[in-house]
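Since the structure comes first, as structure tokens, the remarks are kept for the end.
For clarity, every value in this text was computed on a predicted model and none was experimentally measured.
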Amino acid sequence: MEQHRTRTPQRRQAAQVRPAPSGGAGEAPVPASGPAVSVAVAPAPAPGGGAVPGSRQGGVPPVVLALRRFPNPRLTGIGAGLFAALAMFLLACVDRLLFGGSAIVYGVLFLPVSALTALWVRPADLVTAPIIVPIAFAVGVIPVAGGTGGFGGQAMAVVTALAVHAGWLYGGTLVAGLIATVRKVRQMRERQRHLARTATRRPRA
């Protein structure tokens with residue numbers, strides 16, 4: 001007996017591709033036989049939008065960010081004077097131990113101390129900054145003056161050192177005066193802006 005083999009005909013269906021919907025921009029077409037899957041294409045980031053890791057944060061230079069992390073205390077006039085005098089005295093002692101009381105090293109160290117004193121004094125005592133730094137210079141010059149004898153000889157050595165190294169003294173005082181002046185001008189401008197904003201808000205209220 002002959003057995004007729006029955007073979008189920010396999011219909012080859014061409015994969016029909018659904019057209020992308022008119023309103024769905026950025027969706028990739030998928031075959032109709034499988035479940036509908038929409039692939040969303042993320043838009044490319046704008047050239048200037050968003051902060052990229054390792055780059056400038058908000059367009060601020062790295063130097064400004066480093067300065068912002070620097071301590072920014074607000075000292076009174078007396079506190080700024082004590083800071084400057086103590087700092088110069090300690091630096092003069094270090095100068096005498098390491099460099100034999102070099103006047104150049106002492107003068108170079110006096111400039112940043114003058115700048116920090118003018119930066120750290122509070123706004124109400126900005127006028128005292130150019131007065132504080134010369135006193136601190138005179139206090140700190142005692143260890144490097146190299147006077148001999150009693151009190152008279154030490155005093156004469158200090159006066160001589162102040163006269164000889166007057167250039168560094170004037171330079172540090174000028175630095176402190178310029179920084180204090182710039183801070184005062186900025187403070188006055190901010191106060192004027194605040195008053196202008198207050199005056200413009202009053203009529204609206």
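Taken from CD1 in Ile142 to CE in Met88, the straight-line distance is 12.0 Å, to the nearest 0.5 Å. In this structure, the separation between CD1 on Ile132 and CG on Asp125 is 7.5 Å, given to the nearest 0.5 Å. Going from atom CD of Glu190 over to atom CG of Leu195 covers 12.0 Å, rounded to the nearest 0.5 Å. For the atom pair Ile179 CD1 and Trp120 CH2, the distance stands at 12.0 Å (nearest 0.5 Å). Rounded to the nearest 0.5 Å, atoms CD1 (Ile104) and CG (Leu109) are 12.0 Å apart. Distance check: Thr160 OG1 to His165 NE2 gives 9.5 Å after rounding to the nearest 0.5 Å.
Note: the hydrophobic cluster containing Val133 also contains Leu111 (ILVMFWY, side chain heavy atoms under 4.5 Å, direct or indirect links). Hydrophobic cluster membership is shared by Leu169 and Val144, with clusters built from Ile, Leu, Val, Met, Phe, Trp and Tyr side chains linked at under 4.5 angstrom. Phe89 and Phe83 fall into different hydrophobic clusters, where Ile, Leu, Val, Met, Phe, Trp and Tyr are joined by side-chain heavy atoms under 4.5 Å apart, directly or via other members. Under a hydrophobic clustering in which Ile, Leu, Val, Met, Phe, Trp and Tyr are joined whenever their side-chain heavy atoms come within less than 4.5 Å, directly or via other members, Val141 and Val94 fall into the same cluster. Hydrophobic clustering (ILVMFWY, side-chain heavy atoms < 4.5 Å, transitive): Val139 and Leu90 are in distinct clusters.
Of all the heavy atoms in Leu126 and Ala118, the pair that sits closest is CD2-O, 4.2 Å. The two residues Ser114 and Ala176 have their closest heavy-atom pair at O-CB, 3.9 Å. Of all the heavy atoms in Pro130 and Thr173, the pair that sits closest is O-CG2, 3.7 Å. When every heavy atom of Arg122 is checked against every heavy atom of Arg74, the shortest pair comes out as CA-CD, 3.8 Å. Contact detail for Thr181 and Gly177: the closest heavy-atom pair is OG1-O, 2.7 Å. In plain terms, the two heavy atoms of Thr117 and Ala84 that are nearest each other are OG1-CB, 3.6 Å.
In the displayed structure, Arg186 atom CZ is contacted under 6.0 Å by at most 12 heavy atoms of other residues, nucleotides or ligands. At most 12 non-hydrogen atoms from other residues, nucleotides or ligands lie less than 6.0 angstrom from CD1 of Ile78. The number of heavy-atom neighbours closer than 6.0 Å to CZ of Arg96, taken from other residues, nucleotides and ligands shown, is 12 or below.
For the ring pair (Phe, Tyr, Trp, His ring centres under 6.0 Å) criterion with Phe137, the lone passing option out of Tyr106, Trp168, Tyr170 is Tyr106.
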